[in-house]
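One structure is given here, and the rest of the page talks about it.
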Number of protein chains: 2
Amino acid sequence: MSEPIDVLKALSDFGRLRILKMLEIKSLCVCEITELLGLATSTVSSHLNVLKNADLIQDEKEGKWINYKLAPAPPPFFQEIWPLISRHLDPNRQILEDRKKVGSVDRHKICAAV
Amino acid sequence: MSEPIDVLKALSDFGRLRILKMLEIKSLCVCEITELLGLATSTVSSHLNVLKNADLIQDEKEGKWINYKLAPAPPPFFQEIWPLISRHLDPNRQILEDRKKVGSVDRHKICAAV
DNA sequence: ATTACATTTCTAAAATCATCGAAATGACTA
DNA sequence: TAGTCATTTCGATGATTTTAGAAATGTAAT
């Protein structure tokens with residue numbers, strides 16, 4: 001079970017905060033998150049692994065894709081602090097931009113787009 | 001002014017969390033914190049600098065010593081999340097041990113003790 | 001003023017972390 | 001069964017961070 005310090009470490013990277021904020025809006029597959037974040041797929045996979053090990057997110061298979069979503073029952077510590085953190089992230093320019101894009105992202109268009 | 005991510009980064013090291021929890025009890029000089037943490041003086045000084053740059057603590061000269069204490073007016077983001085974090089740290093073994101020791105620490109005995 | 005001592009700064013090492021590309025894995029589909 | 005494609009794992013690199021010792025700084029007391 002994750003200690004507060006583990007959760008705080010998971011939250012100490014802005015890319016991971018962006019992921020959590022995206023997942024607040026809707027579940028996303030790895031290639032969608034990759035596209036939105038502008039990082040390599042393997043990097044995103046690594047970040048997702050950190051968040052998953054801290055019990056903050058969950059994965060769920062859907063055909064060819066693996067959808068990630070916020071954990072329905074994250075550690076109590078996270079449950080308490082996340083709403084506050086989330087609210088303070090809202091005005092951030094990057095977060096606002098992410099939010100705008102995440103609504104219209106379509107995995108069929110961006111994945112395997114060569 | 002410090003962004004949420006800066007505060008979260010400052011809070012992502014357990015030694016720094018220990019320092020903040022100690023300062024909740026009382027102001028301490030660097031050599032006292034050094035003794036309690038069991039790290040090199042220069043390392044502690046570096047951690048204190050991180051906390052100070054995030055506007056979480058303040059220093060105050062007192063004769064030969066420099067006392068550190070929690071900032072009276074830290075960033076609003078920190079003001080909101082710290083009470084929750086603090087409470088979740090309370091049961092931690094190391095934090096409990098620190099608390100026990102911090103009450104009886106005496107700078108005249110531990111500093112320059114050769 | 002010289003000494004003593006708390007603290008910071010400097011320098012360097014070791015460790016951790018973010019990142020990427022390539023290879024491996026796993027699942028659907030034709 | 002082959003092939004396609006999403007994802008993860010592997011291996012490597014550069015950046016950042018934690019750490020410590022030595023030198024520098026600043027202050028107080030003798």
Side-chain angles (χ1 to χ4, degrees), chain A residues 5-20 22-23 27-54 57-69 94 105-114, chain B residues 5-20 22-23 27-54 57-69 94 105-114:
Chain A
I5 182 63
D6 301 316
V7 173
L8 289 170
K9 277 182 190 292
L11 297 176
S12 69
D13 178 272
F14 190 58
R16 288 194 289 267
L17 293 179
R18 287 174 67 191
I19 292 175
L20 290 175
M22 291 172 184
L23 296 183
S27 296
L28 294 167
C29 70
V30 180
C31 68
E32 287 172 321
I33 298 171
T34 300
E35 169 74 13
L36 291 161
L37 242 48
L39 294 172
T41 313
S42 54
T43 303
V44 171
S45 185
S46 161
H47 283 311
L48 290 169
N49 197 44
V50 171
L51 293 171
K52 194 175 155 187
N53 284 337
I57 63 173
Q58 242 188 8
D59 56 1
E60 209 172 36
K61 285 183 188 168
E62 182 196 343
K64 195 160 51 173
W65 294 283
I66 298 181
N67 292 327
Y68 280 88
K69 57 174 179 177
Q94 182 70 66
V105 80
D106 179 0
R107 71 184 59 174
H108 297 93
K109 282 182 185 155
I110 60 173
C111 301
V114 180
Chain B
I5 183 63
D6 301 316
V7 173
L8 288 171
K9 276 181 191 292
L11 297 177
S12 70
D13 178 90
F14 190 57
R16 289 196 287 270
L17 294 178
R18 287 175 66 191
I19 293 175
L20 290 175
M22 291 172 184
L23 296 183
S27 297
L28 294 166
C29 70
V30 180
C31 67
E32 288 173 320
I33 298 171
T34 300
E35 169 75 13
L36 291 161
L37 242 49
L39 294 172
T41 313
S42 56
T43 303
V44 172
S45 185
S46 159
H47 282 311
L48 289 169
N49 197 45
V50 172
L51 293 171
K52 196 176 154 187
N53 284 338
I57 62 173
Q58 243 188 5
D59 55 2
E60 207 172 36
K61 282 182 190 171
E62 181 196 345
K64 196 159 53 173
W65 294 282
I66 298 181
N67 291 326
Y68 279 89
K69 58 174 179 176
Q94 182 69 65
V105 79
D106 179 1
R107 72 183 60 174
H108 298 92
K109 284 183 184 153
I110 60 172
C111 299
V114 180

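Order of the sequence lines fixes the chain letters, A, B, ..., with proteins taken first and strands second; residue numbering starts at 1 for each chain. From a predicted model like this one, the values you see are computed outputs, not experimental measurements.
Across A/K52, A/R16, A/R18, a single residue satisfies side-chain hydrogen bond (donor to acceptor under 3.5 Å, both in side chains) together with A/H47, and that is A/R16.
A/I33 CD1 to A/L28 CG: the interatomic distance, rounded to the nearest 0.5 Å, is 5.0 Å. Interatomic distance, A/I57 CD1 to A/N67 CG, rounded to the nearest 0.5 Å: 11.5 Å. Note that the CG atom of A/D59 and the SG atom of A/C29 stand 12.5 Å from one another [nearest 0.5 Å].
Looking at the side chain of B/D13, the nearest of the listed nucleotides C/dT7, D/dT18, D/dT8 is D/dT18. Distance from the side chain of A/W65 is smallest to D/dA6 among C/dT8, D/dT8, D/dA6. Comparing D/dA6, D/dT7, C/dA6 against the side chain of B/K64 picks out C/dA6 as the nearest. Comparing D/dA20, D/dT8, D/dT7 by their nearest atom to the side chain of B/A40 picks out D/dA20.
Residues satisfying the side chain to side chain donor-acceptor pair (under 3.5 Å) criterion with B/N49, sequence neighbours excluded, are absent altogether.
Atom C1' of nucleotide C/dA4 and atom NE2 of B/H108 are separated by 14 Å, given to the nearest angstrom. Between B/F14 atom CZ and C/dT16 atom C1' there is a gap of 18 Å when expressed in whole angstrom units. Spacing between atom CG of B/L37 and atom C1' of C/dT7 amounts to 16 Å, rounded to whole angstrom units. Whole-Å rounding puts the A/I110 CD1 to D/dC5 C1' distance at 14 Å. In this entry the distance linking NZ of A/K9 with P of D/dT17 reads 12 Å, nearest Å.
B/E32 places none of its side-chain heavy atoms less than 4.5 Å from the side chain of B/W65.
Within residues 42-51 of chain B, the residues having any heavy atom closer than 4.0 Å to DNA chain C are, in order of number, B/S42, B/S45.
The phosphate of C/dA27 has OP1 or OP2 within less than 4.0 Å of a side-chain N or O from A/K61. Between B/R107 and C/dC5 there is no side-chain N or O to OP1 or OP2 distance below 4.0 Å.
With the nearest nucleotide of DNA chain C identified for both A/E62 and A/L39, A/L39 has the one nearer the 5' end.
Under 4.0 Å is where a charged nitrogen must lie from a carboxylate oxygen, and between B/E62 and B/R107 at least one such pair does.
At a threshold of 4.0 angstrom between heavy atoms, the contacts of B/Y68 are confined to the sugar-phosphate backbone, with no base atom among them.
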